[in-house]
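The structure under discussion appears below in the form of structure tokens.
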Amino acid sequence: QVQLVESGGGSVQSGASLGLSCAITGSIDSRSCMAWFRQAPGKGREGVATIDTDGTKRYSDSVKGRFAISQDNAKKTLYLQMNSLNIEDTAMYFCAVYIPGLDEDWHYTLNCQFNYYGQGTQVTVSS
């Protein structure tokens with residue numbers, strides 16, 4: 001059974017940097033991309049960064065040039081380095097994968113599909 005556990009969130013001031021981690025247990029399907037989503041209060045879930053099955057990395061326009069997604073060689077930890085944070089980056093951040101046959105909470109973003117998410121880690125940016 002796949003489990004995704006995020007860590008590294010916190011409260012920082014505008015302009016600061018923060019790094020998030022997602023520990024992955026269980027076997028991820030080889031056809032699955034990996035991603036970071038975020039959801040701010042009162043807003044929908046937004047995909048901010050993905051790693052495709054061929055290693056291609058994609059970013060939403062809102063974070064391009066400031067955030068960097070990466071993973072370890074064993075694909076057991078997913079990272080998100082966030083630089084130049086601003087108030088609009090305040091949100092709950094989730095890592096995500098795609099599990100074939102799981103028919104719920106499906107999202108398509110940045111060329112990939114996802115349907116399984118961790119519990120999230122909160123990032124709060126203040127001025």
Side-chain angles (χ1 to χ4, degrees):
Q1 184 175 352
V2 174
Q3 284 192 317
L4 307 174
V5 180
E6 301 91 340
S7 62
S11 296
V12 296
Q13 290 194 318
S14 182
S17 298
L18 205 59
L20 305 182
S21 299
C22 173
I24 301 166
T25 57
S27 181
I28 303 298
D29 191 275
S30 61
R31 296 164 290 177
S32 174
C33 302
M34 304 177 83
W36 286 96
F37 281 74
R38 68 185 181 186
Q39 187 164 15
K43 295 188 177 181
R45 192 169 292 180
E46 174 192 14
V48 298
T50 63
I51 295 181
D52 208 330
T53 54
D54 64 357
T56 300
K57 300 175 183 179
R58 299 181 180 91
Y59 300 91
S60 66
D61 289 343
S62 60
V63 308
K64 197 174 296 181
R66 300 186 299 120
F67 288 15
I69 189 172
S70 61
Q71 62 188 22
D72 68 343
N73 290 337
K75 299 185 180 181
K76 288 299 185 182
T77 307
L78 185 68
Y79 302 98
L80 185 69
Q81 179 63 37
M82 305 183 294
N83 300 322
S84 301
L85 285 162
N86 57 57
I87 294 174
E88 289 72 34
D89 296 317
T90 295
M92 185 72 78
Y93 284 72
F94 307 84
C95 58
V97 296
Y98 178 73
I99 297 179
L102 189 64
D103 186 22
E104 59 185 63
D105 208 2
W106 183 87
H107 281 79
Y108 184 85
T109 187
L110 300 173
N111 241 42
C112 292
Q113 60 179 337
F114 302 93
N115 60 1
Y116 189 77
Y117 309 83
Q119 292 300 304
T121 185
Q122 177 69 36
V123 173
T124 302
V125 185
S126 59
S127 59

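This structure is a prediction, so every number in the text was calculated from the model and none was measured. The analysis underlying the following values was restricted to heavy atoms, covering all of them including side chains, and did not include hydrogens, waters or symmetry mates.
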Show me, pair by pair, the donor-acceptor contacts under 3.5 angstrom made by side chains of residues 37-45, not counting sequence neighbours?
unit_1, atom_1, unit_2, atom_2, d
R38, NE, E46, OE1, 2.9
R38, NH1, D89, OD1, 2.9
R38, NH1, Y93, OH, 3.0
R38, NH2, E46, OE1, 3.4
R38, NH2, S62, OG, 3.4
Q39, NE2, K43, O, 3.0
R45, NH1, D105, OD2, 3.2

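Looking at heavy atoms from C-beta onward, N111 lies in side-chain contact with R58 at the 4.5 angstrom threshold. At least one side-chain heavy atom of L20 sits less than 4.5 Å from a side-chain heavy atom of M82. Side-chain contact between D52 and C112: present, with at least one pair of heavy atoms (C-beta onward) separated by less than 4.5 Å.
The shortest heavy-atom contact between M92 and G120 is SD-C, 3.7 Å. Between F114 and A35, the shortest heavy-atom distance links the atoms CZ-CB, 3.2 Å. Here the shortest heavy-atom pairing between L85 and V125 reads CB-CG2, 3.9 Å. Taking each heavy atom of S17 and Q81 in turn, the nearest pair found is CB-NE2, 3.8 Å. The minimum heavy-atom distance between G9 and V123, with the atom names listed, is CA-CG2, 4.2 Å. Across L4 and C22, no two heavy atoms sit closer than the pair CB-SG, 4.0 Å.
Under the side chain to side chain donor-acceptor pair (under 3.5 Å) criterion, Q122 pairs with T124, sequence neighbours left out. Residues that satisfy the side chain to side chain donor-acceptor pair (under 3.5 Å) test with Y117, not counting sequence neighbours, are H107. Scanning for side chain to side chain contact (heavy atoms under 4.5 Å, CB included) contacts around E88 gives N86, with sequence neighbours left out. Partners of S126 by side chain to side chain contact (heavy atoms under 4.5 Å, CB included), not counting sequence neighbours, listed by chain and number: Q13. For Q3, the side chain to side chain contact (heavy atoms under 4.5 Å, CB included) partners at least two apart in sequence or on another chain are T25. Under the salt bridge (Lys or Arg N to Asp or Glu O under 4.0 Å) criterion, D72 pairs with no residue, sequence neighbours left out. Residues satisfying the salt bridge (Lys or Arg N to Asp or Glu O under 4.0 Å) criterion with K64, sequence neighbours excluded, are D61.
Using a 4.5 Å cut-off between side-chain heavy atoms of Ile, Leu, Val, Met, Phe, Trp and Tyr, Y98 falls into a hydrophobic cluster with W106, Y108.
Pairs engaging residues 49-84 under the ring pair (Phe, Tyr, Trp, His ring centres under 6.0 Å) rule: none recorded [sequence neighbours left out]. Residue pairs that meet the disulfide bond (SG atoms under 2.5 Å apart) test with at least one member in residues 57-88, sequence neighbours left out, do not exist here. For residues 14-34, no residue pair satisfies the ring pair (Phe, Tyr, Trp, His ring centres under 6.0 Å) rule, not counting sequence neighbours.
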Please lay out, stage by stage, how T121 and S7 fare under the test side chain to side chain contact (heavy atoms under 4.5 Å, CB included). CA-CA 6 Å; T121 185; S7 62; 5.6 Å; no
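Atom-to-atom distance recorded for I69:CD1 and L110:CG is 9.0 Å, nearest 0.5 angstrom. Atom OG1 in T56 sits 10.0 Å away from atom CD1 in I51 (nearest 0.5 Å). From L80, atom CG reaches atom OG of S70 across 8.0 Å, with rounding to the nearest 0.5 Å. How far CG of L18 is from CG of N83: 9.5 Å, rounded to the nearest 0.5 Å. One distance of note links NZ of K57 with SG of C33; it measures 13.5 Å at 0.5 Å rounding. To the nearest 0.5 Å, the span separating CD on Q71 from CD1 on I24 amounts to 7.5 Å.
Residue D54 qualifies as enclosed at atom CG: its count of foreign heavy atoms under 6.0 Å is above 12.
A donor and an acceptor atom, one from each side chain of Q113 and N115, are nowhere located under 3.5 Å apart.
Side-chain N or O atoms of K76 include one that pairs as donor or acceptor with a backbone N or O of G26 at under 3.5 Å. Judged by distance alone, the side chain of E6 and the main-chain N or O of Q119 form a donor-acceptor pair under 3.5 Å.
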